[in-house]
Undergrad: 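Take a look at the following structure, please.
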Amino acid sequence: MSYYDANRDRFLEGLKAFLRIPSISTLPEHQPDIRRAAEFVRDELQQAGLDGVELIEGPGNPLVYGEWLGAPGKPTLLLYGHYDVQPPDPLEEWKSPPFEPEIRGDNIYARGACDDKGQTYILIKAVEGFLKTEGKLPVNVRFLIEGEEEYGGKHIEAYVASKPARLQADAAVICDTEMFAPGLPTLCVGLRGIVYLELEVRGAGHDLHSGVYGGVAPNPIQAIAEILTALKDRDGHILIPGFYDRVRPPSPEERAAWARLPFNEEEYKSKEMEVSELVGEPEIPVLERVWARPTLEVHGIRGGFTGEGAKTVIPARATAKISMRLVADQSPQEALEQFRAAVQKVRPRGVSAEVRLIHGAAPSLVNPANPFIQASAKAMSEVFGKETVYIRSGGSIPIVGAFNQHLGIPSVLMGFGLPDDNLHAPNEKFHLPNFFRGIEAMARYFRLLGEQ
Ligand code: BES
Ligand code: ZN
């Protein structure tokens, strides 16, 4: 029996302990939990047998580092994951509490089960298996696990930019994406970037009686609605001047490969999303819309009266949280400038508008012909017993662009999540067979790279 088979129960207990820590990076009151999660990862790396294990303190949540560099002449992999999670709300929709992991059927349910504690744990346990049984790895590894991915924190990027020599590697390996379908080994070769911002609109100097002043007073919430509808038409085309100029269309081969994927639009709509109709650019196929086209979305509007009952007020100010997802070759800086200019152009009379950047990250695209991607595809195919497919994803993993920019390395996105894992939503889960196969696939990958 292999080490991985013999230790399944222990791995599950360890994962549960990790999942019990509510390490929500965007809520300041969870700072002690962030530290506990970082220390948990540190202890796991230590226990797995890595060298130089430490918490790296800096402007933000701690990074966790550990290395094993005992394979001279073999490739070095930078293994990345994140120990922070999204907030669990709305709590009442969870069937079991978000930070009390529960196994039901083949799945473990908890916030972070898939994104990204379960997947980070895959990397740790794959390495542990080699060190505990053979005392060595077929490749060199450096772990760099962060705790601010879910809110776009900049600690890791600052560290990567300042310490390229310490992080020297040939490729990064990230388990933080999804497989296209259950049982279908998948490599993700493209991620969208993001610009997340806050739009503040001000009208009168103070709130006004809507009867006394209604008809002459500018209304900032109405203005936000008008700005939004002027920036995107009803068919999902973004009307910001110049916005699409740098969008690189997928190649004909990539389009053809996407068309061959087992995609059922009816199920996608009715089961996965529970919507009656898909929206967005009608002339563009669905997968291309989510993988290779930029977006403009409003996440929330704050302002005026939202309590129980009624209050007749014209608010003096309102704010909106807005993001744009970007695709290659758009840049976050340019998109932000274009957004700012467009807002000033369409801003209605009588209000001022200010745009503040909250965070931004570049889109990324890797060439599937890269040997590190090819070896990964082979390992995945061997373990899952099927040909590996190449997809992109509409989500963002900000560090991928930074690894490319500052370390000059590609990222191998070996994801083991499933489309119905409910990332960022109630009842997040991780498919346990994928957890164990993920560990196996990662071990196989290390072995293949060591043999090359
Ligand atoms: N793991 C996700 C990104 C992801 C999800 C990639 C599904 C591929 C498939 C990641 O943790 C995430 O959610 N990132 C944020 C980043 C943002 C806050 C900067 C995102 O995409 O919203
Ligand atoms: Zn994630």
Side-chain angles (χ1 to χ4, degrees), residues 18-19 23-27 37 41 60-61 79-88 110-123 144-157 172-181 184 186-198 272-273 287 290-292 294-297 299-300 321-327 332 335-336 357-366 389-402 411-425 428-431 434 438:
F18 196 9
L19 293 172
S23 44
I24 306 162
S25 51
T26 205
L27 302 176
V41 174
N61 299 339
L79 307 179
Y80 165 90
H82 60 92
Y83 62 78
D84 65 320
V85 300
Q86 288 271 326
R111 170 58 85 233
C114 173
D115 186 7
D116 182 39
K117 287 174 171 171
Q119 298 210 68
T120 298
Y121 217 55
I122 286 177
L123 290 167
L144 188 64
I145 310 296
E146 72 156 315
E148 337 184 293
E149 197 271 354
E150 295 290 7
Y151 84 94
K154 285 290 171 218
H155 184 192
I156 189 168
E157 180 166 5
V173 178
I174 302 180
C175 298
D176 195 18
T177 51
E178 298 175 335
M179 310 210 304
F180 188 76
L184 188 60
T186 304
L187 281 178
C188 177
V189 295
L191 291 165
R192 288 198 282 201
I194 190 169
V195 178
Y196 198 109
L197 41 86
E198 185 165 63
E272 192 177 326
M273 296 177 65
L287 294 179
V290 289
W291 291 348
T295 67
L296 173 70
E297 294 291 345
H299 306 291
K321 304 271 188 190
I322 296 169
S323 80
M324 296 177 278
R325 295 277 170 170
L326 308 178
V327 299
L336 175 63
L357 175 67
I358 296 183
H359 61 70
S364 56
L365 259 192
V366 285
V389 297
Y390 298 93
I391 67 166
R392 295 197 206 174
S393 172
S396 308
I397 305 177
I399 201 60
V400 171
S411 288
V412 181
L413 300 165
M414 281 170 91
F416 303 98
L418 289 178
D420 65 353
D421 276 347
N422 298 320
L423 310 187
H424 297 198
E428 179 178 350
K429 67 169 181 72
F430 196 27
H431 186 59
N434 276 11

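Sequential numbering from 1 along the given sequence is applied to the chain's residues. Just so you know, ligand 1 is whichever comes first in the structure, and atom 1 is the first atom listed for that ligand.
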Undergrad: Does ligand 1 have any atom that is closer than 4.0 Å to a heavy atom of His82?
TA: yes
Undergrad: Looking only at protein heavy atoms, identify the closest one to atom 18 (C) of ligand 1 and say how far it is in Å.
TA: Glu150 O, 3.6 Å
Undergrad: For Pro398, state whether at least one heavy atom is located under 4.0 Å from any atom of ligand 1.
TA: yes
Undergrad: Is the closest N or O pair between Asp176 and ligand 1 shorter than 3.5 Å?
TA: yes
Undergrad: Going by the order shown, which atoms of ligand 1 are within less than 4.0 Å of some heavy atom of Thr177?
TA: 6 (C), 8 (C)
Undergrad: Without swapping roles, check the side chain of Arg392 against the backbone of Leu365 for a donor-acceptor pair under 3.5 Å.
TA: no
Undergrad: What is the name of the N/O/S atom in Asp115 that sits closest to the Zn ion (ligand 2)?
TA: OD1
Undergrad: For atom 8 (C) of ligand 1, which protein heavy atom lies nearest, and how many Å away is it?
TA: Ser393 OG, 2.9 Å
Undergrad: Atom 11 (O) of ligand 1: which protein heavy atom is closest, and how many Å away?
TA: Glu149 OE1, 2.7 Å
Undergrad: For Arg325, does its backbone N or O pair with a side-chain atom of Thr295 as donor and acceptor, under 3.5 Å?
TA: yes
Undergrad: Quick check for you: to the nearest 0.5 Å, what is the distance between Cys175 atom SG and Leu413 atom CG?
TA: 9.5 Å
Undergrad: For atom 22 (O) of ligand 1, what is the closest protein heavy atom, and at what distance to 0.1 Å?
TA: Arg325 NH2, 2.8 Å
Undergrad: Less than 4.0 Å is my threshold; does some heavy atom of Gln86 fall inside it relative to ligand 1?
TA: no
Undergrad: Any atom of ligand 1 sitting under 4.0 Å from a heavy atom of Asp115?
TA: yes
Undergrad: Between Gln119 and Gly81 (side chain of the first, backbone of the second, donor and acceptor by atom type, cut-off under 3.5 Å), is there such a pair?
TA: no
Undergrad: Between OD2 of Asp176 and NE2 of His82, what angle is found at the Zn ion (ligand 2), rounded to 10 degrees?
TA: 80°
Undergrad: Give a yes or no on whether the backbone of Gly112 and the side-chain of Glu428 come within a donor-acceptor separation of less than 3.5 Å.
TA: yes
Undergrad: Using atom types as modelled and distance alone, determine if a side-chain donor or acceptor of Asp116 lies under 3.5 Å from a backbone N or O of His82.
TA: yes
Undergrad: Nearest to atom 5 (C) of ligand 1, what protein heavy atom do you find, and at what distance?
TA: Leu423 CD1, 3.7 Å
Undergrad: Is there a side-chain contact between Ser396 and Leu191 in this structure, where contact means two heavy atoms from C-beta onward sitting under 4.5 Å apart?
TA: no
Undergrad: Do the ring planes of Tyr196 and His299 sit parallel (below 30°), tilted (30 to 60°) or perpendicular (above 60°)?
TA: parallel
Undergrad: List the closest protein heavy-atom neighbour of atom 19 (C) of ligand 1: residue, atom name, distance to the nearest 0.1 Å.
TA: His359 CE1, 3.4 Å
Undergrad: Do any N or O atoms from the side chain of Arg111 and from the backbone of Leu19 form a donor-acceptor pair under 3.5 angstrom?
TA: no
Undergrad: Looking only at protein heavy atoms, which one is nearest to atom 3 (C) of ligand 1, and how far off is it?
TA: Ser396 O, 3.5 Å
Undergrad: What's the spacing between Ile391 CD1 and Met179 CE if we round to 0.5 Å?
TA: 10.0 Å
